[in-house]
> 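Handing you this structure, nothing more for now.
Throughout, a chain's letter reflects where its sequence line sits, starting with A, and its residues are numbered from 1.
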Amino acid sequence: MTTPFYVTTPIYYVNDRPHVGHAYSTVAADVLARYQRLRGRPVRFLTGNDEHGQKIEKKATELGEDPQAFVDRMSPPFREAFEQLDCAFDDSIRTTEPRHKERVAALWERMKAAGDVFLGAYEGWYSVADEAFITDKEYEELDDVTRKSVQRVKEPSYFFRLSAFTDRLLAFYEANPSFVQPEGRFNEVKSFVKQGLRDLSISRTSFTWGIPIPGDPEHVAYVWLDALTNYISALGGPKREGEDAPLYDTFWREDATKIHIVGKDILRFHAIYWPAFLMSAGLPLPTQIWAHGWLTINGQKMSKRYGNFIPPGPLVDAFGPDVVRYYLMREVAFGQDGDFSHKNLIARYNGELANGLGNLLNRMIASIVKKNLRGVIPAPGPTEEVDEALRQTAERVAREAAAHLDGVAPYRALDTIFELVGAANRYVDQTAPWALAKQGETERLGTVAYTVLEALRWLSVMIAPFMPSKSAGLRRQLGLAPLAPGEDAWPSGWGGLQAGGTTAPDKALFPRIDAKEEKTLLASFGLDAEGRPAAPEQPAPVKKAKKKSKEPLPEGTIAFDDFLKVELRVGHVLTAEAVPKSDKLLRLEVDLGEDAPRQILSGIRPHYDAASITGKRVVVVTNLAPRKIMGLASQGMVLAASDDAGLRVVEVAEGMPPGARVS
RNA sequence: GGGCCCAUAGCUCAAUUGGUCAGAGCCGCCGGCUCAUAACCGGUUCGUUGCUGGUUCGAGUCCAGCUGGGCCUACCA
């Protein structure tokens, strides 16, 4: 198959710092891209950043920064993180680039020309945190924190006639039964569409940080219209009359394979809105939307709040890019939720990479071939049944692994590939080349050694999409050049390894991590020997408080653990106002480094007025159960010192960012 | 309220269109080997495949109900 292959990651919203979740999506896309390149297909792999929207504008304003300066600062860390992970994307687009903006305008014009865009007025709730319009019901069900970022909007707005696409979308789904993967997610999409679609508001006038609408610059494009367009704008599409766009013509043509890797949270936008936009504009639709699951971290939900917001950098520093990539792809079934566990990573590393593949290479190259064959690859003699069996295993594995990669099941591909590692290790034991050497059975030894080396060569190709550097290292030891792009290099013909070549024994490809190192490594990630967070910050889902008969504590003291239950953080007081009908209460909006500020009520008005408390950096108890005071929810408590003479809030030096933990 | 998905050995997962005694890896235990990264190889314990019925010559695999978990969705109190 030599049709072009196009794979994209979501474009990551620059409100966040890169974390393991971003790395996961991107590595998955990179593995697919590298695999298809190996197969000799023309490949394009795109990632990028989503940089517009009200949330960005708001955040930048809060920081006293120009939005453009803000996104210029927040965007590079994503590319750097992915490069560190050896993700070889061909392009990384930013939605603030001119090349993107002009294509959003072009898409808009096409949709408008098709008669699917009309001017109306939108009234309803808009969630800034999610950058999405929500219904009244959804609004009511929100938690208090999120609700803070929801606003009532009533403004003129352009609409996209999404309602007219219900039947066309359903027909398309029917005709493309694997358009959305996994299947369960597709069902959700279908049932959502079956209920009938409402027209979609696709412009806003209440803020400016976005792409102006052609002919009506009061409006900026709805962020999702803006963002989704990236998949074609990066290719130079949609084309205007008479334009030349070779990338677009190659990778977005009807028969190219076009896969969007997305998180399950943004599936609806990709599986419903995006195809509808493209249908309206008369453009080809993507081949497949792959929604993967979420990762928890050591069993806990990843969240800034719980301090387990894992950036990929330290992982790469500790284990190297290939091992992190391997683990991410191996551990979780693509499409399902999974857990990222440092402990497990080390277990898989030792068990599969060091003991399995690494040791196989080492026992052969650095020992048997080196000692008995002077490091030269022997010519195979007549084969026996065991030799044929290993060869057949290799052929089956290559076939199945390829099928799994074509089907976007990287974890299954790895599972299959490592069957060959196991088979080769068993083969070495069965044929006992060290014994053959002692008995002077040189010809048989040659056949056995060749068979294992050839299997290793096959492995060097099959692991390449997952572990490009380790693949190169493995090939170097086999005396082979790194894989070069071009023809289909996936192993199929047995015997490609040239006899007479010189092997290059080297240090262990995957040095084992011993128990002591493991402990040190885990500790460096703040974990105990069992791989659990040393100081669990995330309360276990409240079961019943078990009575623990521990040593009694001295009267009047609490255990250290008890102290840790109190979560104190630095809060930046954004606004303050007196609560009507109350003489003591102030209603504060406090930035705690979360997505939205919290509302906190504090009885400090006798000592502070609204103006004097605003802007202060205070200490807030953040895990106090929310409480309603005079009808208003209070989501925390500001610490203050007081005596008869007066009251002062506890303040923190200017430099500490909101959200910093106090302990 | 409507709908979807999942529930298989201690853990993570497999089991072609229902069809050989339900498998693999990890973990544990026993043994072997010694070329190797205290590695590798062999053997081995635990499953009435969530529960209850049904269809069938035959069901983990289909149907109904139940229990438990996850998710999508909705302008019925």
> Under the side chain to side chain contact (heavy atoms under 4.5 Å, CB included) test, which residues partner A/V332, sequence neighbours left out?
A/Y24, A/L295
> Just how far, in rounded Å, is C1' of B/U37 from CD of A/E352?
16 Å
> Students often get this wrong, so: under 4.0 angstrom with heavy atoms, is A/K371 touching a base, only sugar-phosphate, or nothing?
sugar-phosphate
> A/D337: which residues meet the side-chain hydrogen bond (donor to acceptor under 3.5 Å, both in side chains) condition with it, sequence neighbours left out?
A/K264
> Kindly write out the residues that satisfy side chain to side chain contact (heavy atoms under 4.5 Å, CB included) with A/T393, not counting sequence neighbours, or none if the list is empty.
A/R396, A/V397, A/L420, A/A423
> Sticking with atom C1', work out how far B/A59 lies from B/U52, rounded to a whole angstrom.
16 Å
> Taking the P atom of each, how far is B/G53 from B/G28, in whole Å?
40 Å
> Going by side-chain hydrogen bond (donor to acceptor under 3.5 Å, both in side chains), name the residues that satisfy it together with A/R363, two or more places apart in sequence or in a different chain.
A/N425, A/D429
> Under 6.0 Å between the ring centres of A/Y222 and A/F160?
no
> How far, in whole Å, is B/U49 from B/A9 if one measures between their P atoms?
10 Å
> Would you kindly compare A/A347 and A/N362 by the position of their nearest RNA chain B nucleotide and give the one closer to the 5′ end?
A/A347
> Dot-bracket for RNA chain B, please. Rules: Watson-Crick or G-U, both distances under 3.5 Å, ( ) within the strand, [ ] when a pair crosses earlier ones, | for another strand, . otherwise.
(((((.(..((((.....[...)))).(((((.......))))).....(((((..]....)))))).)))))....
> How would you label the contact of A/P511 with the nucleic acid (heavy atoms, under 4.0 Å): base, sugar-phosphate, or nothing?
base
> Among B/U37, B/C71, B/C5, which nucleotide has an atom closest to any side-chain atom of A/E188?
B/C71
> The criterion is side chain to side chain contact (heavy atoms under 4.5 Å, CB included); which residues satisfy it with A/R412, sequence neighbours excluded?
A/H404, A/A409
> Over how many whole Å does the gap from A/D506 atom CG to B/U37 atom P extend?
14 Å
> Let me know the distance between OH of A/Y327 and P of B/G25, rounded to the nearest Å.
20 Å
> Write down the protein N/O and nucleotide N/O pairs, taken from nucleotides 10-16 of chain B, whose separation is under 3.5 Å; answer none if there are no such pairs.
{"unit_1": "B/A14", "atom_1": "OP1", "unit_2": "A/R412", "atom_2": "NH2", "d": "3.4"}

> Side chain of A/Q195 only, please: which of B/A74, B/U34, B/C72 is the nearest?
B/A74
> Nearest heavy atom decides the nucleotide; on that basis, is A/F192 or A/G358 closer to the 5' end of RNA chain B?
A/G358
> Counting only pairs under 3.5 Å, give me each side-chain donor-acceptor contact of residues 173-181 of chain A, with atom names and distances, residues two or more places apart or in other chains.
{"unit_1": "A/Y173", "atom_1": "OH", "unit_2": "A/A271", "atom_2": "O", "d": "2.6"}
{"unit_1": "A/N176", "atom_1": "ND2", "unit_2": "A/F172", "atom_2": "O", "d": "2.9"}

> Suppose you measure atom P in B/U67 against the same atom in B/A24; what distance do you get, rounded to whole Å?
36 Å
> Each nucleotide N or O in nucleotides 40-44 of chain B that has a protein N or O under 3.5 Å away: list the pair and distance.
{"unit_1": "B/C40", "atom_1": "O2'", "unit_2": "A/R363", "atom_2": "NH1", "d": "3.2"}
{"unit_1": "B/C40", "atom_1": "O2'", "unit_2": "A/D429", "atom_2": "OD1", "d": "2.6"}
{"unit_1": "B/C41", "atom_1": "O4'", "unit_2": "A/D429", "atom_2": "OD2", "d": "2.9"}

> Suppose you measure atom C1' in B/A14 against the same atom in B/A7; what distance do you get, rounded to whole Å?
16 Å
> Quickly work out the A/L267 CG to B/C5 C1' distance and round it to whole Å.
14 Å
> Over how many whole Å does the gap from A/L197 atom CG to B/A74 atom C1' extend?
14 Å
> Which value, in whole Å, describes the distance between the P atoms of nucleotides B/U8 and B/U61?
13 Å
> Can you see whether A/F186 has A/K190 sitting over its ring - NZ or CZ less than 6.0 Å from the centre and within 45° of the normal?
yes
> What are the two closest heavy atoms between A/A449 and A/P378, and how far apart are they?
CB-CG, 3.9 Å
> Distance check needed: B/C26 C1' versus A/N344 CG, whole Å only.
9 Å
> Do A/K470 and A/F510 form a cation-pi contact, if we require the NZ or CZ to be under 6.0 Å from the six-membered ring centre and within 45 degrees of the ring's axis?
yes
> What pairs meet the ring pair (Phe, Tyr, Trp, His ring centres under 6.0 Å) rule with one or both residues in residues 422-466 of chain A, with sequence neighbours excluded?
A/W458-A/W494
> For A/L353 and B/C26, what is the distance between atoms CG and P respectively, to the nearest whole Å?
13 Å
> Roughly how many Å is it from CD1 in A/I346 to C1' in B/C27, rounded to a whole number?
17 Å
> Between B/U55 and B/U16, how far apart are the two C1' atoms, rounded to whole Å?
23 Å
> Tell me the side-chain hydrogen bond (donor to acceptor under 3.5 Å, both in side chains) pairs involving residues 504-523 of chain A, sequence neighbours left out?
A/K343-A/E518, A/N355-A/R512
> Which is true for A/L509 with a 4.0 Å heavy-atom rule: it touches a base, it touches only sugar-phosphate, or it touches nothing?
base
> Using the P atom on both, measure B/C6 against B/G10 and round to a whole Å.
22 Å
> Counting the atoms with a prime plus P, OP1 and OP2 as sugar-phosphate, which does A/K438 contact under 4.0 Å by heavy atoms, base, sugar-phosphate, or nothing?
sugar-phosphate
> With sequence neighbours excluded, tell me which residues meet side-chain hydrogen bond (donor to acceptor under 3.5 Å, both in side chains) with A/N298.
A/H342
